[in-house]
Structure formats: C-alpha cells, structure tokens
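Okay, so here's the structure we're looking at.
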Amino acid sequence: MTWYNTALGDKMDYLEKLNGQQRQAVTAGLGQILVLAGPGSGKTRVLTYRVAQLIGQMGVAPYHILSVTFTNKAAREMQNRLTQLIGPEAEQMWLGTFHSICAKILRRESAYLQLDSNFVIMDADDQVTLVKRIVKDLNLNDKQYKPSSLHAAISSAKNNLQAPKDLPIGNYRDEIIVRVYERYLHMMQSNNAVDFDDLLVLPVRLLQNNPEVREKYSRRFEHILVDEFQDTNMAQYELLRLLAGYHKNIFVVGDEDQSIYRWRGADYRNVLRFEEEYPNCQKILLEENYRSTQVVLDAARSVIDHNPHRTPKRLASARGKSGEKISVYTAVDDRGEAAYVVDTIQKLLKSKQANGGDIAVMYRTNAQSRLLEEAFLQSGMPYRLVGAQRFYGRREVKDIIAMLRLVQNPADEISLLRVINVPPRGIGDKTLLSLQMAALQHNISSGQVVLDMGKNGPDSPYWKSFAGRGAAPLADFGAILLGWYESASTAPLPTLFDRVINDCNYQNYIDDGTDEGTDRWENIQELRKLAYDYQERGLIDFLENLALVSDQDTLPEGGGSAPTLLTLHAAKGLEFERVFITGLDEGLMPHSRSLDDPEEMAEERRLFYVGLTRAKDVVYLVRSTQRSTYGSSEASEPSRFLRDLPAELVIQQGLAGSRRSPTGASDWRNGVYRGGNSSRWEDSGISTHSSSSSSLSGSYTVPPPPRKAAPPPAQQRFKATMRVIHPNYGEGVVLESRMEDGDETVDVHFKSVGFKRLIASLAHLEIIP
DNA sequence: AGATGAGCGGTTTTT
DNA sequence: CCGCTCATCT
C-alpha cells in the first residue's frame, strides 16, 4: 500500500506544520465536523490534510470519499496536492464542484430520469433565450414580463427546490410565473437539456425518489467534505444531506462573513441549519490568520463588525509585524482612478517593490474593468483579466459551441435555431415556422426533421411540409449535420472541430479582414486549441467543461507574472500581496441595488470584507468624486464602508480633504501621484480600443507592446504646423510640442482620429517634408 | 431573405 | 454610451 507509507512519511511533516485548531480539525474522528474558518486561516490546507488523514491514517479508501470544492481550479489544486501526498490512488476520490459532481451523477443515472445521457447544459444566455420564446408563445408583453426577471424567478424557485406547483400564488404575475416555469421545464426536457439549476435539483429529486440510488451513493460516500459551506443553497444542502444520509460523516468548512452569493440562492444560515440537524457535531474555530498583516485584519474586522447578527470573531495575524497602513486615494474621475492604479503599479514594479503577479485590482462590477484595461494598454504593462464570460460569451465562440452541441444532442433546439442559418443559407422565419410545425405534428424534434431531410432529400416525409423553395436549404443543412455525426463517431474531437469550421466556411464568414474579424478568427483558434486538449476525453466532456468553467478556473495555477484584474466575487478564495479595490463610492460599493434591503447591504459589506482580506501586505482603496454612467458624468459620494475604517490605519491621498480645483485633474500634485489623466501614457504601439488578445479559456494576457529602445531625443524635433505621419493614425498636423522630463511631448491633430498627445521617443512619428 | 438604420432600454455579482 | 430590437428597404 504505497499510499499508506507515503502518507505516513509525510505525516510527521504535515501534522507538525499545523496549529492546534487545525490539527484538531484534521485529526477529528467520525461524525459531523463544522469548521468555522476565518480568512487566511489555512482551511484549504486543513481540507487537504483531512483527506490525507482519512486515507493514510484512518484507512478510508479514496473511492469512498467525496470532496466538494468551490471551483474547478481548487479541485485541481487539491487533486495535485493529494497525489503528491498519497499517490495516484487519490484519483479514485470524487472531487469537484457541486455542478460537476452533479453532472457526473446525472449522466450515470440518466436511465432514472427523462433524460438521455448525452444531455447538454444550457448556459445563462440559453436559459433567457428559452424564456423569451415562451413569453412569445404565450403572447405575453415582454416589457411587463421581462424574460430575464421571469428566469430569475424560475431559477430562485429551483434553488429552493420548489416545483411550479409549490409556488405561492398571490397575484396574476405569480400565475404567469408558474405557467412560464411549467413550460420551461417541459421545453428543457424535450430539448434533452438541463440548466445550471437542474444540475443541482435533478440529483436531489433522483435521490429522494429512488431509494436504491440513494442507497448506492450514500453507502459509497463514507466521508464527505465541503468547502465554502456558507455559500451553499437549499438544493446543495439537501443534496449533501441525502448523500451523507447513511454514514453521516460530513466535514464542512465555511465562514459566514464570507458569504457573497445570496442572490444565487446561497444562505449562510445553512451553517445554523447544519448545527441544528446534527446536534452532536463538533465545532472547530480557525482564528489564526497566516495571510495578512495586523493592519489589514484590523481594518477588515472593523468593517465586518458593523454587520448585525453575527458571531464576533477575533482575527489574529500570525505574521508578527503590524504592516503598512491602508491607503485611500480619491481621484477626480474614473479615468483618474484607473490612471492612479496603473501608475502606482508601474512604480511598484519599477522600484522592484512588487512583482506583477503579486498584485490584484478588484472592482464591484465587470463594467469597471474597461477603464482599467485601457489604462493598462496605454501604459504598455501586461495584465491579466479574470472572466470566462468574456471569451465564452463571444458570438463566434457561442456559434461553434452551438454547432458542437447540436452534434452531441440533435434535440437541442436552442442551438439549432442559433446556427441553422449561420452563415446565411436562405433559411428565414417562415421556413423555421414550418419546421416547428412539422416537428410538432410528428412529435419529434426539429433537429430530427432536418436530419431526415438531409438523409432522404425530397423523399423525406417532411419535405412537403415546406412551401417549395424552403425545403432545399434545410436539407442542405441536414446533410452537413449528418456528416458531423459521422465525424463525431469516427474521428477525434479536433477533426470534428475542423470539419465543422470548414463545412460552414466559418472563417470566411467571420473574418472580414478588419481587426475585429481577425480577432474573432483568433478566438476560434483558441477554442480549437482547447478542443485539442480534450481529444482523449471527447465531445461530451469538452462541452460539459465549457459550460461549467468558472472565472477562477481561467487563472494559471502558479499565479503568473502580470497584475490580475477581477471582480470582488471572483477574488473569493485567492490571495495577493497587494490589493487595489476600486470604485469605493456609494452606489457602486455598496451597489445601488442593495441600498434598500438590509440583508443585501450586509452582503455588500461581506463582499468588501472578502476583498480586504485577500491582501497579504498592502491594501489600496480607490474612489473618485465623479464617474461616468451611460456617457454622462455624475458626482459620487464616498462609500459608507470607508467610514468604518479606523482613522489611525488609513492614509488619505489624492483629492481627499482638499478643495477641488476649477482647472481639474492635472493640477493635482500631492507627492504621491501626479497624473490626473492618462494621456501622458499615450503611445503609438497600442490602439486605444480595448481589443485584447485572448489566451486559453478566457483569461487575457496582454503582452507589453514591442518597443524599440529609442533614446529620448535631447532636443525638440517637432514644431506647430508641421505635417507628420504616424503608422496607426496616418497623417496629421502638429498643434504643439514641448520638452518634458527629457522627452518631447507632441500634440497632433490627425485626420483619422483627431487629437492625440504622443511621446516622441515612443511614437513612430515621421515628419512630412 | 437579408441588410441597414432609427430608437430605446439598461448595468451587480456567476455556477 | 453601446448593444439590441424592430421597421423599412433592396
């Protein structure tokens, strides 16, 4: 038993590395264990060692262990670590997110459900598209019944394990919701599809309704471990309860103060529910913090202490030193905010006080990343943007995924309708209507109709359902699809992928020669690379993983070398030496949608707390007195959370405390930061639009632009009224030029783009004689 | 059937 | 300010 020996060998190491509370958790006996773990208290380590302990010391076979993580990345890291600790047997364990584990169960047990094992997973867009269709079918007013809000109602019902009949009906709208919900379920089923919520709900129903299945799984999982327990919802809680029903060995780790997914149905009171359900559970507190300085922890604590109804916890830094104070910078506007962040980072890197990979910039909403990205692009510094949606949400990527989904599951009508006329092949609304009628009449899916027409041509029984010229293009598409099926069953995934691209001439369709077209085609290439990684595992796994990637999954495991831009939600579970949190204004953080509900306000505060506690060493909080929404600029007030920070832990910088200058940003000099707008970094190498090159699976790294190390000119080359030419902007006229900091700053009016401020040594500006 | 343009509505957070 | 829907035209 190699794993036993390996674990025994490591045991001396790992138990000694733990503090008393951690060791208590790792070595706890059977039964229910509730670990309340403050930020940075080593809970990942505890979970990993607990599994090692179960296998190595308590003799539990990996096969009998289920471990639930919050992201796929966390699962991967845990898997790697465990393989190191106990050997390849670790792979026998079930380890993954709720959603991936549930998908696994559903595919195995599809016989019990009205579902084929090749079901597809509908993403958020598909779900709304489906609701949109229902709204149309039911002749509802889509202004009054917005598909997105109907879908939200359905989703929240599902997360609470409520079927349509369980929903309370108090008004007409409730009735509508029930009807839409029923139809939604029906359509999902006839599409052989599940949505994110079904992934959780269906296994619960499966276990509830089938004692033999429940028996099988609950006997199998002798031990269940769950991370981020405070963010479980009703369905997840119930699933755990059922799975742990036989052995009742369940080890959960959580922190009520870090619960940030209420809007998704998560309920930190599941922690209380757990204690009530298992009165004999052992409760272990992890309060020692190995991550942050005491300053960071004190600040974080004074923020979270404002939340009512919580157990106050101490947060003690094990790091000894008290640490740098928190800097609060007030910029003039949101551009200045971004410029401050980028400039500060640039100085840190230049002075070698930090490595890019140790820095994170966080924000409340994704929209805030744009100005930051622009500032980074202009500075020429590389950065990494966390957000899978950015990549998978792109039209071209969705198109190809829809085509592949159709190959996996011809009943997927959402995908069929998406791509049946992509690129345009003469199939319009009228033909589609006839197609749906034909499918309905014969009680088969639209996909089957198309396939049959592709196979049998005019001999197909469905041919006559179409008025004359409508049938031919459908049959053409059907024939193409048939080819893809054949390819799917005989050839590896990359071959199928290429065939799909080629058969519909997709490159020609998407790449029109513009920068945007090239970018689109590059995205397809990225997707293809990913398909290559899945050639062993195949189409179903590929599509499933695409559907279930989380934002964090796109982060490289080692961290990387560029600063990371991410939402506060995406920052959960991560840590960085230096953390910038931007947009600390009322309305953004806390978000305006949370102002009237105390529960939501409390969650905003927890979100801020999560952000603060990501920092090991230094926190930079940033806000601005003005920001643009929908194009127009509006004044904004400092976030109420800033008031919660003890004054002695904070250094105010920027505009704070000063009166505003009528001349605006560039007048502000306070010795720390002197750039009020970012035009100082304007550079020829980079275009101002934010077309970043994407890298694998949706995380973007923008490489520093190639710069020829031209020595700064000793003297002025340009003068007003000179005609100049620029490689990107073309021809222009110099408005003004002056020497600044040993370099020449040139203002040019270009015919193409208008005014630009350029640095002579960087811009490849030529004088037209 | 498909391409083009006016008008409008909409920003939380994501598996 | 941007992206999407709908109406109108070719």
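Letters go in sequence order (proteins before strands), and every chain restarts at 1. A quick note: this is a predicted structure, and the numbers were derived from the prediction, not measured.
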Pick the nucleotide of DNA chain B nearest each of A:K430 and A:N72; which residue has the one closer to the 5' end?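 Checking each residue's closest nucleotide, the 5'-ward one belongs to A:K430.
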
By nearest heavy atom, map A:I427 and A:Q127 onto DNA chain B; which one lands nearer the 5' end?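 Nearest nucleotide further toward 5': that of A:I427.
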
Describe the nucleic acid contact of [X] in one word from base, sugar-phosphate, nothing, applying a heavy-atom distance below 4.0 Å.
| X | value |
| --- | --- |
| A:D197 | nothing |
| A:T629 | base |
| A:K572 | nothing |
| A:D123 | nothing |
| A:R425 | sugar-phosphate |

Whole-Å gap separating [atom2] ([N]) and [atom1] ([X]):
| X | N | atom1 | atom2 | answer |
| --- | --- | --- | --- | --- |
| A:L546 | B:dT15 | CG | P | 13 Å |
| A:L566 | B:dT14 | CG | C1' | 13 Å |
| A:W263 | B:dT13 | CH2 | C1' | 4 Å |
| A:E228 | B:dT15 | CD | P | 13 Å |
| A:D429 | B:dG2 | CG | C1' | 11 Å |
| A:H591 | B:dT11 | NE2 | P | 9 Å |
| A:K73 | B:dT15 | NZ | P | 13 Å |
| A:D126 | B:dT14 | CG | C1' | 15 Å |

Under the 3.5 angstrom rule, does the side chain of A:N409 hit a backbone N or O of A:N192 as a donor-acceptor pair?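 Between the backbone of A:N192 and the side chain of A:N409 there is a qualifying donor-acceptor contact (under 3.5 Å).
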
Are A:S594 and A:E604 linked by a side-chain donor-acceptor pair shorter than 3.5 Å?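 Checked: A:S594/A:E604 side chains pair up, N/O donor to acceptor below 3.5 Å.
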
Examine the side chains of A:D197 and A:S155 and answer whether a donor and an acceptor come within less than 3.5 Å of each other.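 Yes, side-chain donor-acceptor contact under 3.5 Å.
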
Of all the choices, [options], which nucleotide is nearest to the side chain of [X] once you look at every atom?
| X | options | answer |
| --- | --- | --- |
| A:K143 | B:dT15, B:dG9, B:dG10 | B:dG9 |
| A:A367 | B:dT11, B:dA1, B:dG2 | B:dT11 |
| A:S550 | B:dT13, B:dT15, B:dT11 | B:dT15 |
| A:T365 | B:dT13, B:dG10, B:dG2 | B:dT13 |
| A:R264 | B:dT11, B:dA1, B:dT15 | B:dT15 |

Measuring centre to centre across the rings, with the benzene-like ring taken for any Trp, is A:Y506 within less than 6.0 Å of A:Y509?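 Under 6.0 Å, so yes.
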
Does NZ or CZ of [X] come closer than 6.0 Å to the centre of the six-membered ring of [Y], within 45° of the ring's axis?
| X | Y | answer |
| --- | --- | --- |
| A:R264 | A:Y261 | yes |
| A:R107 | A:F119 | yes |
| A:K572 | A:F70 | yes |

Does B:dA1 have OP1 or OP2 sitting under 4.0 Å from an N or O in the side chain of A:N421?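 Negative; the distance criterion is not met.
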
Between A:N366 and B:dT14, does any side-chain N or O lie under 4.0 Å from OP1 or OP2?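 For B:dT14, OP1 or OP2 has a side-chain N or O of A:N366 closer than 4.0 Å.
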
Once base and sugar-phosphate atoms are separated, protein heavy atoms under 4.0 Å mark nucleotides 1-10 of chain C, 5' to 3', with B, S and - as BS--S-----

Between A:K43 and A:D227, is the closest basic N to carboxylate O distance under 4.0 Å?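 Looking at A:D227 and A:K43, the cut-off is met.
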
Suppose you measure atom P in B:dT13 against the same atom in C:dC4; what distance do you get, rounded to whole Å?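 These two P atoms come out 16 Å apart once rounded.
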
